[in-house]
Amino acid sequence: MKDLIRKTQEFKDLRAKAREAIAAFEDGADFDFTIDRLAAIGEKMNILLG
């Protein structure tokens with residue numbers, strides 16, 4: 001079931017947002033801001049997978 005969820009567009013969009021947050025951090029974004037963004041994305045992913 002989790003594999004099916006990971007293939008949905010919503011999950012792929014969340015994964016893309018996480019990658020964008022990491023790329024922004026590598027470009028100099030604030031650490032705390034990046035962690036907050038990633039935490040929110042991870043929470044949504046857990047809800048989808050739960």
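Model, not experiment: these values are computed from the prediction. For this chain, numbers begin at 1 and follow the sequence in order.
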(message) Within this structure, what is the CG-NZ distance for the pair Leu4 and Lys2, rounded to the nearest 0.5 Å?
(response) 12.5 Å

Let me check something: any side-chain donor-acceptor pairs from residues 31-50 under 3.5 Å, sequence neighbours excluded? List them with distances.
| unit_1 | atom_1 | unit_2 | atom_2 | d |
| --- | --- | --- | --- | --- |
| Thr34 | OG1 | Asp30 | O | 2.9 |

(request) Mind checking salt bridge (Lys or Arg N to Asp or Glu O under 4.0 Å) for Arg6 and listing every partner two or more places apart, or none if nothing turns up? (result) Asp3

